[in-house]
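Each remark here refers to the structure printed beneath this line.
Here the structure is a predicted model, which means the values were calculated and not measured.
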Amino acid sequence: MVDKQANIDLVFRNGLREYEVLPPPEVWNSILPSVRKKQSPTVLLRAAALALILVSVSVLAYQLTRQTSIPFDAGFLAFDQESSRAGTILMNTPVAVPVTENRSELPVSDNPPTQPSYDQEPEAAIPSATIQTTTITLLNNDDDREGLHGTLSSMFIRQDDPEDFFANNYGQVPAPPPVTEKINRWSVTAMASPTYQSALSKGSGEMAREILSTEQTNFSYTGGLSFSYRVSDKFSIQSGLYYSSLGQEVGGISAFGGFSDYTYSKGDHNFEVMTSSGLVYTNNADIFLFDGVGGRVNSRFNNDTFDPAKASLNYINSSIHQNFSYIEMPVFLRYKVVDGTVGFNIIGGFSYNMLVNNSVYAVFEGDKYRVGKTEGVSNFMLSSSLGMGLEYTVTDNLSLNLEPTFRYYLNPFSTLPGLKNHPYSIGVFSGLSYKF
């Protein structure tokens with residue numbers, strides 16, 4: 001009995017070996033949901049496999065883009081080759097490429113260099129060489145794609161001699177693009193100067209010496225606008241338009257006012273005064289002139305026929321002034337001796353002068369009284385000029401100028417017989433110049 005209870009499992013197993021009982025149909029309705037839930041791990045595995053495939057493809061594409069930045073179907077890169085399609089790429093940024101520690105040239109491979117392993121320890125910084133700027137052209141040659149790897153691989157050059165690399169592979173070292181500097185050829189200058197005027201006069205006879213001894217120059221000035229064209233680095237041509245004022249004071253000629261009550265002359269003038277610049281004709285009937293030095297005044301009224309003191313005329317002054325104004329059109333040649341922040345120029349040329357004003361007046365207490373004008377003065381004068389110029393550059397377009405100039409009039413100032421008068425002047429011009 002004891003043994004039988006110990007093997008109770010064998011009794012039930014042997015007794016129920018041939019017994020079969022079918023479960024009722026409603027039992028499967030409860031078992032089916034539990035069976036379907038056990039299928040969820042398969043779906044998750046499929047999703048994980050798909051994500052792994054996408055990540056692998058992304059990593060592979062990233063590795064390919066790191067090896068080359070240009071797709072094969074867009075052509076390949078070549079150095080110093082004529083382009084079969086429009087467009088040229090200019091590498092303006094120097095390219096740094098690795099070289100070996102012993103500065104030896106790496107072998108050229110047909111395959112792109114592989115990426116370093118991230119499991120290894122980081123090595124010391126590898127020195128790099130810089131490739132000079134060169135022109136890269138896009139070529140439409142789909143059959144010669146191997147040239148891309150050869151070109152990129154050959155960029156691993158020696159650090160100490162990059163020019164030999166280009167000379168050995170392409171026949172010559174690429175020259176950098178020419179740098180074109182803008183040249184300001186035109187300039188406009190505003191100049192002005194007070195001038196000291198005198199004359200080289202030559203006359204024969206006592207009257208000529210008397211005339212020259214009683215004359216002295218007045219204050220004169222010149223100013224205007226000039227244009228200059230730069231022909232070369234050294235030479236420039238200058239022209240423009242200037243206004244020049246010249247004059248002199250004739251002493252010993254006394255002027256009186258109020259003479260119109262005593263003259264009934266119907267002529268065009270009452271007095272003529274001989275000067276080195278010509279004959280002064282009076283056109284103001286109220287002016288009486290008297291020469292207290294000699295016989296320079298010609299008139300039908302003299303000391304024997306008329307006394308201004310007895311006639312109670314108003315005394316004005318003991319001298320008269322001659323004033324002449326010219327429009328000057330110069331043609332100068334400028335030669336630059338020193339080119340820098342402070343430049344030095346030599347200036348020379350000729351000027352054509354046209355008379356625009358001819359007047360004679362007397363001065364009383366600061367007021368001018370018109371006397372007449374000078375006859376026999378040349379309406380056109382030719383003068384020569386020689387000077388030097390200092391130019392201080394303020395900016396690329398603006399500069400300050402200082403030009404001492406000597407001017408000499410070539411033809412005589414007047415046509416008075418027996419007397420030749422060649423004026424000259426010395427002035428220091430200053431102004432502002434703008435280049436464009």
| task | Please assess Ser254 against Tyr315 for the test side-chain hydrogen bond (donor to acceptor under 3.5 Å, both in side chains), listing each intermediate value before the final yes or no. | result | CA-CA 8 Å; Ser254 298; Tyr315 175 78; 4.9 Å; no
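- Inspection of the Thr222 and Glu328 side chains reveals no N or O donor paired with an N or O acceptor under 3.5 Å.
- Between the Asp286 side chain and the Gly258 main chain, a donor and an acceptor come within less than 3.5 Å of each other.
- When the shell of 6.0 Å around CE of Met388 is examined, it contains 12 or fewer heavy atoms from other residues, nucleotides or ligands.
- Note: Arg407 CZ to Leu246 CG = 8.0 Å, rounded to the nearest 0.5 Å.
- In this view, Asn397 satisfies the side chain to side chain donor-acceptor pair (under 3.5 Å) rule with no residue, not counting sequence neighbours.
- Taking all atoms of both residues into account, the shortest heavy-atom contact from Gln322 to Asn218 is O-ND2, 4.1 Å.
- Among residues at least two apart or in separate chains, salt bridge (charged side-chain N to carboxylate O under 4.0 Å, His left out) pairs with a member in residues 207-223 are Glu206-Arg209.
- For Thr395 (side chain) and Leu398 (main-chain N/O), a donor-acceptor pair under 3.5 Å exists by modelled atom type.
- Minimum heavy-atom separation, Leu289 to Val297: O-CG1, 4.1 Å.
- Listed by chain and residue number, nothing satisfies the side chain to side chain donor-acceptor pair (under 3.5 Å) test with Asn317 (two or more places apart in sequence, or in another chain).
- Asn323 contributes no side-chain N or O that, together with a main-chain N or O of Gly247, makes up a donor-acceptor pair within less than 3.5 Å.
- Between Ile347 and Ser385, every side-chain heavy-atom pair lies at or beyond the 4.5 Å cut-off.
- Aromatic ring orientation, Phe301 versus Phe271: tilted (interplanar angle from 30° to 60°).
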| said: Between Asn284 and Thr282, is the side-chain contact (heavy atoms from CB on, under 4.5 Å) condition met? List the steps. | reply: CA-CA 6 Å; Asn284 187 354; Thr282 60; 5.8 Å; no
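- Using the six-membered ring where Trp is involved, Phe306 and Phe259 have ring planes that are perpendicular, over 60° apart on the 30 and 60° scheme.
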Listed pairs under 3.5 Å, donor-acceptor, residues 330-342 side chains, sequence neighbours left out:
from	atom 1	to	atom 2	distance (Å)
Arg334	NH1	Gln238	OE1	2.7
Arg334	NH1	Glu403	OE2	3.0
Arg334	NH2	Glu403	OE2	3.2
Lys336	NZ	Glu391	OE1	3.3

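- Looking only at side-chain heavy atoms (C-beta outward), Ile320 and Tyr361 stay at 4.5 Å or farther from each other.
- Using a 4.5 Å cut-off on side-chain heavy atoms (C-beta onward), Ile327 and Tyr243 make contact.
- Judged by distance alone, the side chain of Ser299 and the main-chain N or O of Asn270 form a donor-acceptor pair under 3.5 Å.
- Between the side chains of Arg296 and Thr214, a donor-acceptor pair is found at a separation under 3.5 Å.
- Panel note: side chain Arg185, backbone Arg230; a donor-acceptor pair is recorded below 3.5 Å.
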| field | Trace of the side-chain contact (heavy atoms from CB on, under 4.5 Å) decision for Leu225 with Leu241 | value | CA-CA 6 Å; Leu225 200 65; Leu241 206 62; 5.8 Å; no
| Worked check of side-chain contact (heavy atoms from CB on, under 4.5 Å) between Leu355 and Phe324 | CA-CA 7 Å; Leu355 183 66; Phe324 309 98; 4.2 Å; yes
| query | Passes ring-ring contact (aromatic ring centres under 6.0 Å, His included), Tyr409 versus His422? Steps please. | reply | CA-CA 6 Å; Tyr409 292 83; His422 291 269; 9.5 Å; no
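- In this structure the side chain of Ser198 reaches within 4.5 angstrom of the side chain of Tyr424, judged on heavy atoms.
- Around atom OH of Tyr392, no more than 12 heavy atoms belonging to other residues, nucleotides or ligands sit under 6.0 Å away.
- A donor atom on one side chain and an acceptor atom on the other are found under 3.5 Å apart for Asn353 and Ser383.
- The two residues Tyr326 and Ser378 come nearest to each other via the heavy atoms OH-O, 3.4 Å.
- For residues 366-384, the set of pairs meeting the salt bridge (charged side-chain N to carboxylate O under 4.0 Å, His left out) definition, not counting sequence neighbours, comprises Lys373-Glu375.
- By the ring pair (Phe, Tyr, Trp, His ring centres under 6.0 Å) test, Phe219 is found to be paired with no residue, residues two or more places apart in sequence or in another chain being considered.
- Between Tyr229 and the choices Trp186, Phe436, Phe235, the ring pair (Phe, Tyr, Trp, His ring centres under 6.0 Å) rule is met once, by Trp186.
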| message | As a quick check of understanding, evaluate side-chain contact (heavy atoms from CB on, under 4.5 Å) for Leu432 and Thr189, giving each step before the final call. | response | CA-CA 6 Å; Leu432 198 64; Thr189 307; over 6 Å; no
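- Atoms OH and OG, from Tyr434 and Ser187 in turn, are 11.5 Å apart once rounded to the nearest 0.5 Å.
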